[in-house]
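Notes follow the structure.
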Amino acid sequence: MNTQKLISGLRMPWALTSKSHRTQQSSGPGQRLTGEHPAAVATDDAVATKRRSNSKKRADEKKAGIRQRAEAQARSSVQWHCERGSTQASKLGFYDPAAPGVLSSTRQMEFSHMAIASPPTSHRGLAFGIDAGSGWMIVHDPFTSYGNELESPNVCFIGDLGQGKSSGIKTWAVLRQLVLGRRVVVIDKKYQLDQNGGEYTSLARSLDIKPVKFMVGGGGARINILDPRIAARLHEDSHDDTALSTPAGQSMLVRAVVEEALGRPLLPKEGKAVRMAHKQALRVAAAAGEIAHIRHVLDALYAPDPATTEKAGLQWDELRQWGQDPAFELERMIEDDLAGLIDGPTSTEISLNAGLTVFDVSLLPEDGPALAIVMTIINTWLANTLYRQAEPVPTILVIEEAWHTVQGSVAKVTRRNTKLSRALSLSSMFAFHHISDIPEDSPAIAMLKECGTVLLYKQQKSDDAWACERMFNLPSGSAADIATLTKGTCMMRIGTKDPFIAIHIRSALEIELTDTDKAMKSTATITQIDASTQEAAA
């Protein structure tokens, strides 16, 4: 048997032969020969090609599967919204749409938590409460913050009834100020039936202080607008360079009172008659060894001094005619609206105490000029008293229901005195319900805008909330926050810093002293009242 036949007989079928064991023989150019039959070689190449095709197909399918799963996951992360409620759906988060998550690492997430909330105020001043956003304590005071965080020591409180304005004022602006040895003067307007006076009555009594009470018709305190202690400067010329650096004087007060009586500004001739009557009243009272008061001015309007009239180059009848309308209305007011309030010498109990002084004006009528005039006179008296003090003592003036002082002629006096707060070491604190309470042409608009500290409590009406945002140039969206504030919280803005939500905190003693809801919480019944009345009668 020759060698070629032996090899052919020992060769295994091509399908069972591994490619690695196939022998290749030398061949000529362009021809590939193996130890296998040419048909077997062609079949092997087809199988290899098919395998590569299948492998590529499986790889493509795998990539397509991964892409489809990623897209499905992204779609599932954007949750749907349904108007109809479902407890199960809510648990699954379908009602809380959220943005798709971002893959990150622990190290990256550490960097994202580097921000640390800082306190909204400095550590100097008086504690007010806590910041609703960060939980930091709020410590602020108009005097300690002056020159650093703010340029005006004046403060305004604005908010609806029952939202905690008075509690904030009584604690932060009154009780806590007294702890530092400062002087506090309060004009108390809110009447409390159980106290038979203003709401500061119980607080004043707890400090052994008797409020100065005003009432129409006599029986209360009297304050004289021509008293040198009230307004030392007698005359004010518009060309006087010192006019804007001193508190309102007597002539400004007299003019404001007469204009309130008339219900309109004085005409030039009427103003001349009032000024000459004021000067004549001072001369007549000095000659009699008395302190002039408003009735001396009234007498001078009815009967001008002939010598003074002639010296001024005027006719007596002419000057008397100019003063008739002011005299008629002034007489009506001091005998009706202001009876017993400004028509005589100043009461001895009106003095500036070392600590707390409370002026109770809660019994004065809401309508008419009495309330506004008395508030303005007190404001002027305090400003002039501080102007004359040798050593400035930080003083807080609290005016509840301040909208009475920002209307009519008295608004000019209030504005004049407020502009001098820094020079007098005086912080004037005004409380309003709504900005709409203030006339658009009132000088009080500028006065409020200049307040260094603003505390805005809940304004239920959206218009009032928007008015606060516009008035104080608050960030967009602040109106919505103001409209949703809860009782005892406020939006506080200090100087030009961003506003923040403050939660007022009171001690147990402060809660007791600032409680003004005793009447609403009363459990008395008609039977109990009748029984007590019969006992008293017996």
Side-chain angles (χ1 to χ4, degrees), residues 114-159 163-165 167-169 171-174 176-177 180 182 394 396-398 402 418-419 421-423 425-432 434-435 438 444-459 464-506:
M114 287 183 62
I116 300 176
S118 61
T121 60
S122 68
H123 65 281
R124 300 176 64 248
L126 290 169
F128 178 85
I130 59 175
D131 179 12
S134 64
W136 282 95
M137 178 179 290
I138 299 172
V139 180
H140 175 60
D141 175 64
F143 295 102
T144 56
S145 298
Y146 176 75
N148 296 320
E149 299 175 341
L150 49 83
E151 296 299 327
S152 171
N154 298 324
V155 182
C156 70
F157 295 76
I158 301 176
Q163 296 303 316
K165 293 193 309 297
S167 296
I169 294 173
T171 54
W172 179 69
V174 178
R176 299 175 191 178
Q177 297 285 347
L180 298 181
R182 293 170 178 169
I396 294 89
L397 171 63
V398 175
T418 304
K419 288 181 69 68
S421 294
R422 291 178 292 180
S425 189
L426 173 66
S427 174
S428 298
M429 301 193 180
F430 307 95
F432 297 91
H434 312 289
I435 292 180
I438 308 172
I445 296 295
M447 180 182 72
L448 288 185
K449 289 182 178 180
E450 294 172 0
C451 285
T453 306
V454 179
L455 294 91
L456 303 173
Y457 290 77
K458 182 177 181 179
Q459 297 279 273
D464 294 327
W466 278 109
C468 291
E469 182 177 318
R470 291 191 299 268
M471 169 76 78
F472 301 107
N473 295 321
L474 301 177
S476 178
S478 298
D481 294 334
I482 296 172
T484 56
L485 290 172
T486 58
K487 183 175 181 179
T489 63
C490 65
M491 179 176 287
M492 180 181 288
R493 193 203 68 180
I494 301 174
T496 58
K497 299 176 67 176
D498 291 336
F500 55 90
I501 304 300
I503 303 174
H504 180 50
I505 303 297
R506 296 178 292 169

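Positions are given from 1, in the same order as the sequence printed here.
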Is a side-chain donor or acceptor of Ser167 paired with a backbone partner of Gly164 at a separation under 3.5 angstrom?
no

Test side-chain contact (heavy atoms from CB on, under 4.5 Å) on Trp136 and Ile130; report intermediate values, then the result.
CA-CA 6 Å; Trp136 282 95; Ile130 59 175; over 6 Å; no

If you take all heavy atoms of Ala502 and Ile138, which pair is closest and at what distance?
CB-CD1, 3.2 Å

On a heavy-atom basis, the closest approach of Phe143 and Arg182 is CD1-NH1, 3.6 Å

Are any side-chain N or O atoms of Lys165 and backbone N or O atoms of Gly159, one a donor and one an acceptor, separated by less than 3.5 Å?
yes

In the structure I gave you, are the side-chain heavy atoms of Cys468 and Gln459 within less than 4.5 Å of one another anywhere?
yes

Would you say the side-chain atoms of Ser134 and Asp131 include a donor-acceptor pair closer than 3.5 Å?
yes

Identify the two heavy atoms, one from Leu448 and one from Phe472, that lie closest to each other, and give their separation to 0.1 Å.
O-CE2, 3.6 Å

Please say whether more than 12 non-hydrogen atoms of neighbouring residues, nucleotides or ligands are located less than 6.0 Å from NZ in Lys497.
yes

May I ask you to decide if the ring planes of Phe128 and His504 are parallel, tilted or perpendicular, using 30° and 60° as cut-offs?
tilted

Would you call Leu150 and Thr453 a side-chain contact if the rule is heavy atoms closer than 4.5 Å?
yes

Under 3.5 Å, side chain of Ser145 to main-chain N/O of Asp141, donor-acceptor pair present?
yes

Distance col, row Lys449:NZ vs Asn154:CG, nearest 0.5 angstrom, shows 16.0 Å

Are any of the side-chain heavy atoms of Cys156 and Leu455 separated by less than 4.5 Å?
no

Flag side-chain contact, heavy atom, 4.5 Å: Ile396 against Met429:
yes

Return the CG to CD1 distance between Leu485 and Ile501, rounded to the nearest 0.5 Å.
5.0 Å

Do the non-hydrogen side-chain atoms of Val155 and Ser427 ever get within less than 4.5 Å of each other?
yes

When you measure from the side chain of Arg176 to the backbone of Ala127, do you find a donor-acceptor pair of N or O atoms at a distance under 3.5 Å?
yes

Any donor-acceptor N/O pair, Thr144 side chain to His140 backbone, under 3.5 Å
no

Quick one: does Leu397's side chain get under 4.5 Å of Ser428's, heavy atoms only?
yes

So, do Ile482 and Leu474 sit near enough that their side-chain heavy atoms are less than 4.5 Å apart?
yes

Main chain of Glu450, side chain of Ser152: is a donor-acceptor contact present, judged purely on distance under 3.5 Å?
yes

Could you report the tightest heavy-atom contact between Glu151 and Tyr146, atom names first, then the distance?
O-CE1, 3.1 Å

Got a second to check how far Ile494's CD1 is from Met492's CE, nearest 0.5 Å?
5.5 Å

Looking at CE of Met471 and SG of Cys451, how far apart are the two atoms once the value is rounded to the nearest 0.5 Å?
9.5 Å

Step-by-step side-chain contact (heavy atoms from CB on, under 4.5 Å) determination, Gln177 to Leu126:
CA-CA 8 Å; Gln177 297 285 347; Leu126 290 169; 3.4 Å; yes

Distance col, row Met491:CE vs Phe500:CZ, nearest 0.5 angstrom, shows 10.5 Å

State, yes or no, whether a side-chain contact exists between Gln163 and Phe157 at a heavy-atom distance under 4.5 Å.
no

Do you know the tightest heavy-atom contact between Glu469 and Ser478?
OE1-N, 3.4 Å

I need the minimum non-hydrogen distance between Ile169 and Ala431, along with the two atoms involved.
CD1-CB, 3.8 Å

